[in-house]
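Scroll down for the structure; my scribbles are underneath it.
The shown structure was predicted, so the numbers you read here are calculated from the model rather than taken from an experiment. Values reported hereafter were calculated over all heavy atoms of this structure, with side chains retained and with hydrogens, waters and symmetry mates removed. By convention here, the first residue in the shown sequence is residue 1.
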Amino acid sequence: MDFQLGCNYWASHAGVYMWRNWDRAVVEADFARLSRCGVNILRVFPLWPDFQPLTRLLSNGCSELRHGDTPLDRTTPEGLAGVDAQMMCRFEELLSIAEQHRMRLIVPLITGWMSGRMFYPPAFEARNPITDYETVKWEIRFVKYFVRRFKDYRCILAWEPGNETNVMSFCGDGWKQGDYWVWLSHIVHAIRSEDPTRPVYAGMHGLSLHGESGAAIAEVGELCDMLTVHPYPPFVPHCSVDGLDSRRAMLHGTAEALYYADISGRPCLCEEIGTLGSSLGDEETAARYLRANLYALWSHGSAGLLWWCACDQTELDYPPYDWCACERELGLLRADGSLKPVAAEMQAFREFLRTQPPLTPHQRDAVCILSKSQDNWAASYSTQLLCKQAGLDVRFTDGEDPLPDSPIYLLPSLTGDAIPKRTWRILMERAKDGALVYVSWQDAALSSFEAITGLRVQSNAMRAEAQTQVDFPEMALKLTLSGPRRLALLPLPETRVLGTEPDGNPAFAFHPYGKGGFYFLSFPLETVLADQPRAFEGTAYYRIYQRMFSAHTDRKVTVRSSPELLLTEYPVSASVSTVVALNYGPETRHTLTLRPGWQLGQIVCGHVTEPSPGTLCMEAEPLSLCRFTVKADG
């Protein structure tokens, strides 16, 4: 799959009112500018009340839906679907403009939520668009008509049920878990009944592992061909702790996309990303932020990136633009049509993509098992960041699902009832066969605690202190950790204590188990770091992971000397691998070590030399990369 590079689009002169204030010349000029920026994919929005402008006329005990006072012409397809014929013609004009400029379009069909404002047809303003049967009936009619009318246009890349439809519960009485899946199923099947040839993207964000937010990642994956993330730092928990120039922010989109893709079994597109205006960073900061996210998403197998959005809307005086300051300065283009630095980054990345052969799927070294009760996103986000710093790549799975085979398993920040008994049994069998299992603990009830951890609990009580300094003597390291409860632990004879609290109480230990074993940390490291400022900048928390799994990094062909250099490997064959090295630090020179029996192959981009056998020297400016191959001797 080619990396999809583009932006979300509202016309520069009118924003969300582009359909009612249609100006073909403006749209053509916008498309021409965006094309010159390297954009060839746009996400465009038929605003629901403009395209299906139904009103409800009330009488004595009955009602009728019309377009204002005009009855619907039920002898025509347009009348049966309740659509506005003029708006449909305007959308057709947009399609012709897209084809002229070789733009591909992603079309969210039910655009009722946009940029902090609800846009519903007047007939449905007091009704829940997810659970009200009459509203859903007209939504299905609209979707089927729209797809049938425009499916023959080759510029349409994909359909979506709508824009962020999982937040449309704000109107009406909300929904129960399961309601959204039923609604989504109806809309997706309506799309596919008219056009079975195109993929259906999810078009939403803010999903959760088990549907606590109303929509579960795996259940959306049952219905849609592509998952989507909208990783705006202020709107995603734990992501605005640090600034846009931090590793947390630069890897946010990638971490979320991998999390969604792994749990759903579907590819994932970073469909909306942006800085939400100058209050989070100036134009140069925004450009660096985009560049870092582009390289990280591409190198970790994401389907692509779409910036939010095409044009600044600083001159518009109606909602949402006069409500929300964070909706005005988000474009690749300024209000006068000039290009921002982010547009230059988009153009440069388009040129970079033209030079790059396809990547094979990247190697995964560990499996992170997510469980009930915990903050799954916090746990997975921090685990991803710590793993990348430690030189590992991780795959995510739900503890309720079948367990993938792996030499390393991570169970971060366990709380509540954690994972099922059957999963523990499998983990114990895999440890007997040589796997390493890591458990960090918040307050989980773990059966067979001694058998797994090699530690005996003497007491379990609330911690009196907010933070505790833990000494890791083998690493010559002291780290400040925190957690809600303190376990007083007695190590069994075969258990090796690797970290202690100030009074000598074990905090980190390894228990041999068969050919493998269990690591146990009595602090919820991952969920705590998720809200700790600068936790992944110049700190050494990742060294816990590095210490545990250093013996298993021999699966990697290439080892780097600095956590600022993020390496990803792509096995091509048993004797050839591709390596992408992203420089996320200030230094330009880095040393890499090859596994014995391997040597430098082809340099695809960047500057890499092999001054001595098994040692590589790489030079890369900050926020740039080198790509090369390594090959086995002989």
Side-chain angles (χ1 to χ4, degrees), residues 366-371 373-374 379 382-383 386-387 390 392 399 406-419 421 423-432 434-461 463 468-475 477 479 481-501 503-529 541-552:
V367 169
C368 175
I369 303 172
L370 300 169
S371 59
S373 305
Q374 71 181 168
S382 293
T383 297
L386 291 168
C387 278
L392 298 168
S406 177
I408 299 170
Y409 294 97
L410 309 169
L411 289 84
S413 304
L414 291 187
T415 184
D417 287 329
I419 61 175
K421 183 176 182 180
T423 305
W424 280 117
R425 285 176 174 170
I426 295 170
L427 287 170
M428 294 171 80
E429 288 300 317
R430 303 244 173 119
K432 282 182 182 179
L436 295 177
V437 182
Y438 159 75
V439 175
S440 65
W441 184 85
Q442 177 171 317
D443 59 7
L446 302 180
S447 59
S448 304
F449 188 93
E450 281 189 29
I452 293 169
T453 66
L455 300 164
R456 181 170 297 159
V457 178
Q458 296 182 303
S459 73
N460 178 339
R463 285 190 176 273
T468 303
Q469 189 172 71
V470 177
D471 184 18
F472 300 85
E474 288 188 11
M475 295 185 281
L477 181 66
L479 294 174
L481 301 176
S482 59
R485 302 192 68 81
R486 183 179 190 270
L487 295 177
L489 298 168
L490 178 67
L492 301 183
E494 67 272 20
T495 301
R496 185 175 178 183
V497 176
L498 302 171
T500 58
E501 299 184 40
D503 62 357
N505 183 50
F508 184 47
F510 176 68
H511 178 223
Y513 197 90
K515 297 177 183 178
F518 288 83
Y519 286 96
F520 181 79
L521 179 66
S522 61
F523 292 85
L525 176 69
E526 295 75 18
T527 52
V528 169
L529 294 186
Y541 293 105
Y542 74 93
R543 289 182 57 190
I544 297 175
Y545 279 37
Q546 194 174 56
R547 164 62 182 81
M548 290 188 291
F549 307 122
S550 58
H552 279 247

Enter the distance from T383:OG1 to L370:CG here, rounded to the nearest 0.5 Å. 7.5 Å

Measure the shortest side-chain to side-chain distance between R430 and V437 over non-hydrogen atoms and say whether it is less than 4.5 angstrom. no

Enclosure of R496 CZ (heavy-atom neighbours >12, cutoff 6.0 Å): no

In terms of heavy-atom contacts, does CZ of R456 have more than 12 from other residues, nucleotides or ligands at under 6.0 Å? no

Step-by-step side chain to side chain donor-acceptor pair (under 3.5 Å) determination, E526 to S413: CA-CA 6 Å; E526 295 75 18; S413 304; 3.1 Å; yes

side-chain contact (heavy atoms from CB on, under 4.5 Å) with F523: of R486, Q442, E501, only one passes, and it is E501

Donor-acceptor pair, distance only, cut-off 3.5 Å: does the side chain of R485 make one with the backbone of N460? yes

Heavy-atom check, side chain of F520 versus side chain of H511, under 4.5 Å: no

Drop me the distance from L386's CG to I544's CD1, to the nearest 0.5 angstrom. 8.0 Å

Validation row: T527, Q374 side chains within 4.5 angstrom (heavy atoms): no

Side chain to side chain, L479 and F508, heavy atoms closer than 4.5 Å: no

Among T453, V457, I452, which one satisfies side-chain contact (heavy atoms from CB on, under 4.5 Å) with L455? T453

One pair to check against side chain to side chain contact (heavy atoms under 4.5 Å, CB included): Y541 and V528. What are the steps and the verdict? CA-CA 11 Å; Y541 293 105; V528 169; over 6 Å; no

At their closest point, which heavy atom of L446 faces which heavy atom of A418, and how far apart are they? CD2-CB, 4.4 Å

Between L414 and S371, is there a side-chain heavy-atom distance shorter than 4.5 Å? yes

Let me confirm one number: the CG-OG1 distance from D471 to T500, rounded to the nearest 0.5 Å. 5.0 Å

Could you label the plane-to-plane angle of the F518 and W424 rings as parallel, tilted or perpendicular, counting under 30° as parallel and over 60° as perpendicular? tilted

Under 4.5 Å between any side-chain heavy atoms of F449 and L489, yes or no? yes

Only one of Y409, Y438, F510 passes ring pair (Phe, Tyr, Trp, His ring centres under 6.0 Å) with Y519, and that residue is F510

Do L521 and V470 have side chains that get closer than 4.5 Å, going by heavy atoms? no

On a heavy-atom basis, the closest approach of G416 and D443 is N-OD1, 3.4 Å

For the pair R547 (side chain) and M475 (backbone), establish whether a donor and an acceptor sit closer than 3.5 Å, ignoring hydrogens and angles. no

Check P484 against P524 and note the closest heavy-atom contact, atom names and distance. CD-CG, 4.2 Å

R543 vs L477, test: side chain to side chain contact (heavy atoms under 4.5 Å, CB included). Steps then yes/no. CA-CA 9 Å; R543 289 182 57 190; L477 181 66; 3.9 Å; yes

Quick check for you: to the nearest 0.5 Å, what is the distance between S406 atom OG and L427 atom CG? 10.5 Å

Approximate separation, where rounding is to 0.5 Å, of M428 CE and I426 CD1: 12.5 Å

CZ of F549 to CG of L392, rounded to nearest 0.5 Å, is 7.0 Å

Is C387 close to L410 at the side-chain level, that is, under 4.5 Å between some pair of heavy atoms? yes

I need the minimum non-hydrogen distance between S522 and P506, along with the two atoms involved. OG-O, 4.1 Å

Does any N or O in the side chain of T423 come within less than 3.5 Å of the main-chain N or O of G399, such that one atom is a donor and the other an acceptor? yes

